[in-house]
Number of protein chains: 2
Amino acid sequence: MAQTTKSSAPWELVVARKQDEQKSRIPKEWLLNSLPPSSQLDVRNIPATCGILNDKELKITTNYDATSLLEAIRGRKYTSYEVTLAFCKRAAIAQQLTNCLTEIFFDRALVRAKELDEYMETHGRAMGPLHGLPISVKDSFDVKGLDSSIGIAALAFKPATANALLVDILLKAGAVLYVKTNIPQTLMALDSINNCFGRVLNPANRLLTAGGSSGGEGALIALRGSLLGVGTDVGGSIRIPAMCNGLYGLKPSVGRLPYSGQVSAMRKGGGGLGLKSSAGPLATSLRDCELVLKVVGDAQPWESEADVVPGFYDSAGSCGGQWEKPVFGILRTDNISAPLPPVAAVLEETATALRDAGLDCHEIDPTAFSRCQGLANKFFSASGDNEMLDLLESTGEPLIPWLASRISRRPAKDVKFLEDRQVDREELVKEMLKIFRTKDGRRIDALICPVAPHPVPEVDRWNATGYTASFVLLDWPAGVLPVRSVGQKDIELELQGEAKGSWDKRNRELWDPKTMDRKKYLGSPLSIQVVAPRLQERRLVEGMKIIEKVLADEATKAEGKSAKL
Amino acid sequence: MAQTTKSSAPWELVVARKQDEQKSRIPKEWLLNSLPPSSQLDVRNIPATCGILNDKELKITTNYDATSLLEAIRGRKYTSYEVTLAFCKRAAIAQQLTNCLTEIFFDRALVRAKELDEYMETHGRAMGPLHGLPISVKDSFDVKGLDSSIGIAALAFKPATANALLVDILLKAGAVLYVKTNIPQTLMALDSINNCFGRVLNPANRLLTAGGSSGGEGALIALRGSLLGVGTDVGGSIRIPAMCNGLYGLKPSVGRLPYSGQVSAMRKGGGGLGLKSSAGPLATSLRDCELVLKVVGDAQPWESEADVVPGFYDSAGSCGGQWEKPVFGILRTDNISAPLPPVAAVLEETATALRDAGLDCHEIDPTAFSRCQGLANKFFSASGDNEMLDLLESTGEPLIPWLASRISRRPAKDVKFLEDRQVDREELVKEMLKIFRTKDGRRIDALICPVAPHPVPEVDRWNATGYTASFVLLDWPAGVLPVRSVGQKDIELELQGEAKGSWDKRNRELWDPKTMDRKKYLGSPLSIQVVAPRLQERRLVEGMKIIEKVLADEATKAEGKSAKL
């Protein structure tokens, strides 16, 4: 049992109990014999070498994405029980290496998996399109009988009395739930750390951040302790961990996936007035992200939930597209934090690959985009952060250090303040929509831009959410596409010119040898962000598919060339 | 020139100038020789008898709906010029009889019509699906070069510098604009009266209200001075004048039609936080309402405007419907203002007709619905009405009497107030969505309910917006279907039981012989409202089509029976 003394504050007692509970949920035989030394930065080989998974389980967890694994289950190659057991084991290992989990409920999962196998046996068919697949969900989603504590003592040991709608839809489609994933305190930080469940580490390099707020999802999927997870994003909380962990992540527009049935430390209803968060997938393939959109659309959640826009995935934004000859736009900077050399390089490589493939790739003027970040920031915390602080103070729980300087008690703003921001937003969106037209009036199908102006930084050094929060302000769907890793050549690239302002200056500190050892970036993933207009998720995914194909062809060509040399 | 004296307040001088301008826009030869005596309540025969329209013009304006007239223009039966001239004349007459217009611009319209005819001549085809059709728009919509004064002196003589997006879409589709239509001061009243353009009268019975706030549209279309108009609705402002004038009117969900480019007396941005108004059609046929939805969808307004949800009309809410065997729900009361006898009768007739036709028509429990009106009311004026009053006071203009007791200066509420209401709303919508399920779990395709708890009342006696504003709170599309007129048998029906509360008491005063001479209702239209879930306009229209067909078949049968007797 965790050490507590008589003088412990109420929150410490709760946290100790919660930590004990969590530990008890991992079977002893799935505990690593010893944890890797802290000097071992990359822990990704441990699931394969630790001996906890047998060969079949390693194959199940290593050789598939969700789509192909579902096919294997439907084809009776594996039972759901086998698959679930494999992912339970691997998630248990991931937890020991990265603190990526909150609620662990392997028992329930294995019972459920057995029921699904029996269903298949009895009915001769799958229960639904997700039959037998373990899916991880961010801690904020209510799962009946489990806490949604989001790492806050005051919210612990208050199990949910019903499932979130999205959880119900996944279950009805045949999914197996087995873990909930770790998040930052209050969900409003970019490193996933809280007083209860600790800090999520990046399994590829434990010095670098795993991102947040859906950071547990990122680390878990990167270790293939899950193939498909659901996070939420109001400033970059799906896209940032997707980037940090070399995954695919998709933030839909508000209303595409149901959001209700989640716990938040913030005042209820604020989401209806300020920037609205949306739920979305993180996965190891783009088609797995698409699968979530399809399955949820087919469940017609708009028939039971106020916050969902009606429309099956197939109609979600094909809306007049001409995919025979797509047109892309490239937005290289927000003019606030200029992309550091490897980020700029990967954008340039993408543009070149598209052009080499004979596709239009237009340079986008960033003037309007540069106004988005500032306006987005004004929407946060309009009702003050007092309820959040009340919640923490009710058990004497302190803020995590990163938040301590960023959150304070403030009076709620009046309605007029938000009305004025709505007017600003409407004008800016209108201005920004012009980005989707070429000078000669043709439609630009999707935008390409950075996810962040820097590569994956060390913990607590994420610098700027302008490239992600802007698309929440605009309510445009945005996806992250992993492209390649940082190589030796990248870290030899030098900064050009001078810093443009304080944001830019801080960003350059992540590249300046005086303030950053660039070698730490070696091998970390480089990604791009792809964006489409509001509620056109299918347009976004179609665009991402084309970009991915072009980049893959380019990589194959490059390999062929180097093989010839 | 209108009488003004040296002591006139600034607003009076402006209004006098504006009224002079308006009068000058009607050619002398289109002025009626004499206005009908005020004792003549029904003025609908005057366009046909006054001698201003020739036979062909009477045919054009009398024998068609917009869809069939467009076909006639495309088939070269009529030129756009002929059609436009006919509607200009008829609108001029309507204006003299009912004060239904604000801006009159026949000259521009006739020039435009000629250009369209030339286009057809040159290109051998129509410019677009609305080629040559005169369309009227509510005064709030900006039309370049014309005022959007909405009847307020302080806003007069400030011509718009650009068209509203919806206006642009109509023009691009080939429409001819020729008039803007009259509204209540501030748009926040249910009788369309203001200090500048006067009171809109109901052409079928000038003692009864023409409704509001799109009251000018209602009266103009009722007199067939227009076949198709565009209004806006945040509490019933399309549906109420549609009901008052025996027309079809459709309030879409927010985001279906573009709303931007309109003038309002209220603080900008409020619509983004409280209840949002939406634009929609009023017409003489259901298919004309549908035409507007189709044409606007095909213009893909979501590509240029923040406030529009992407989706062509065909995909707007078919969303899994089974139209071979539709299921209807009937919501007979809001439990606040019980429908007066003829309103209850027409609902009962509709339910019976549907059941006789072999269709399911389920009785809906009104418990949740009874909470909608109260919550909707809380959203209005959250930032206070101060800007509106500032605007009026800037020229010394008084409030119209109906508003004087209803509008006052109040401080803006704080953000928390609206956040709490958002939470209330989300919960209530979720509860209300259950209405769309039968007890055995089947989907109810559309709801049928009253438009108001009373028939078309005398001017300034509209009593309750609960049946209309509730569907703005819910953001559900809702349409008005005219069914029949009030007959002698209707007015012999007596109230049952006792008033349930103050709203009900006031409503019953509209039927109690001590406070209302029921004979005034004779011949006035009785309508029903049909409702579908959010953004499912096509589902709504499909439902309305079926109900209309069943009622028409029933009427034919009844006529057959009475012919046999």
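Throughout, protein chains are lettered first and strands after them, A, B, ... in sequence-line order, and every chain is numbered starting at 1.
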Q. Taking all atoms of both residues into account, what is the closest heavy-atom pair of Ala306(A) and Leu433(B), and its distance?
A. N-CD1, 3.8 Å
**Q.** Considering all heavy atoms, the nearest Val415(B)-Asp414(A) contact
**A.** CG2-O, 3.7 Å
Q) To the nearest 0.5 Å, how far apart are CD in Glu305(B) and CZ in Arg534(A)? A) 11.5 Å
Q | Euclidean distance, Glu426(A) CD relative to Asp307(B) CG, rounded to 0.5 Å | A | 5.5 Å
Q: Identify which part of Arg425(B) has an atom lying under 4.5 Å from any heavy atom of chain A, answering side chain, backbone, both or neither.
A: neither
Q. For Glu387(B), is it the side chain, the backbone, both, or neither that has a heavy atom closer than 4.5 Å to a heavy atom of chain A?
A. side chain
Q.
Any carboxylate oxygen within less than 4.0 angstrom of a Lys/Arg side-chain nitrogen, looking at Glu303(B) and Lys430(A)?
A. no
Q: Tell me, for Arg437(A) versus chain B, whether the close heavy atoms (under 4.5 Å) come from the side chain, the backbone, both or neither.
A: side chain
